[in-house]
Amino acid sequence: MFAISSTPLEDIHLKEGLISDRAGALSIFEGLVRNHNEGKEVHALEYEAATSLCEKEAQKVLTEVTEKFDILHTKCIHRVGKLAIGEMAVWVGVTAAHRDEAFLACRYIIDEIKIRLPIWKKEYYVDGNAEWVNCQACANHKHEKHQDSPSV
């Protein structure tokens, strides 16, 4: 399950629908708004998304993850709108019978979501400036990581 939400993620029952008697592991990733990026002091972020395109591409990612890993359930929710420092921007949850599959699948989902979904981030800086930023560093990091380690 994937969703875009304008509601603060802290106000949503995120684990609902993930837990089952077959699950021996629940792996969760929470992406938080931090107060800095690339040497600049950040005081807020704003996210915009092409919702229908995000949903289609996210479904591809979630289908891929179930083909690659022995998992039970997945869930990913990404915020849109203006977020303050410390707020949750993205949440990923994966249940599996065993922890290794849950960890790996959770990492796969967040890495692919960050690179493939049409979600744009605007950073608001302490100095009063603001700019839209991309995740090219994420894409480069993923490419370098996969060259140095075996495929997952």
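Along the sequence shown, the residues carry numbers beginning at 1.
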So, [X] side chain and [Y] main chain: donor-acceptor pair closer than 3.5 Å or not?
| X | Y | value |
| --- | --- | --- |
| Thr95 | Leu18 | yes |
| Lys122 | Ala130 | no |
| Glu10 | Met88 | yes |

Checklist entry - If you look only at pairs with a residue in residues 84-105, which of them pass as a salt bridge (charged side-chain N to carboxylate O under 4.0 Å, His left out), with sequence neighbours excluded? => result Arg79-Glu87
Next on the checklist: Please list all pairs meeting salt bridge (charged side-chain N to carboxylate O under 4.0 Å, His left out) that have one or both residues in residues 14-23, counting only residues at least two apart or in different chains.
Outcome noted: none
Contact summary for [X] and [Y], nearest pair of heavy atoms:
| X | Y | value |
| --- | --- | --- |
| Leu83 | Ala89 | CD2-CA, 3.7 Å |
| Leu72 | Ala97 | CD1-N, 4.2 Å |
| Ser27 | Cys106 | OG-CB, 3.5 Å |
| Val90 | Cys76 | CG2-SG, 4.2 Å |

Distance, nearest 0.5 Å, that separates [atom1] of [X] from [atom2] of [Y]:
| X | Y | atom1 | atom2 | answer |
| --- | --- | --- | --- | --- |
| Ile85 | His36 | CD1 | NE2 | 10.0 Å |
| Leu117 | Lys60 | CG | NZ | 10.5 Å |
| Ile28 | Ile110 | CD1 | CD1 | 13.0 Å |
| Glu38 | Glu123 | CD | CD | 7.5 Å |
| Leu9 | Trp91 | CG | CH2 | 9.5 Å |
| Glu64 | Ile109 | CD | CD1 | 10.5 Å |

Checklist entry - For Phe103, does the CZ atom sit with more than 12 other heavy atoms under 6.0 Å from it, leaving out its own atoms? => result no
Checklist entry - Is any side-chain heavy atom of Val61 closer than 4.5 Å to a side-chain heavy atom of Thr74? => result no
Checklist entry - Can you find a pair of side-chain heavy atoms, one from Leu53 and one from Glu57, that are under 4.5 Å apart? => result no
Next on the checklist: Going by side-chain contact (heavy atoms from CB on, under 4.5 Å), Asn37 matches just one of Arg34, Lys40, Glu41. Which one?
Outcome noted: Arg34
Checklist entry - Is there a side-chain contact (heavy atoms from CB on, under 4.5 Å) between Trp132 and Glu48 once you walk through the steps? => result CA-CA 10 Å; Trp132 291 98; Glu48 288 186 10; 3.7 Å; yes
Checklist entry - Phe2 and Gln59: side-chain contact (heavy atoms from CB on, under 4.5 Å), yes or no, with the steps? => result CA-CA 7 Å; Phe2 175 81; Gln59 188 53 54; 5.9 Å; no
Group every Ile, Leu, Val, Met, Phe, Trp and Tyr by side-chain heavy-atom contacts under 4.5 Å, then state whether [X] and [Y] land in the same group.
| X | Y | answer |
| --- | --- | --- |
| Phe29 | Val65 | yes |
| Ile77 | Ile4 | no |
| Trp120 | Val133 | no |

Next on the checklist: Taking ring pair (Phe, Tyr, Trp, His ring centres under 6.0 Å) as the cut-off, I'd like each qualifying pair that reaches into residues 70-89, sequence neighbours left out, listed once.
Outcome noted: Tyr47-His78
Next on the checklist: Checking Val92 against Ile113 for the side-chain contact (heavy atoms from CB on, under 4.5 Å) test, could you report, in this order, the C-alpha distance in whole Å, the side-chain angles of both residues, the deciding distance, and whether it holds?
Outcome noted: CA-CA 10 Å; Val92 178; Ile113 293 295; 5.7 Å; no
Item to check | side-chain contact (heavy atoms from CB on, under 4.5 Å) evaluation trace for Ile12 with Ser5 | outcome: CA-CA 10 Å; Ile12 300 173; Ser5 176; 3.7 Å; yes
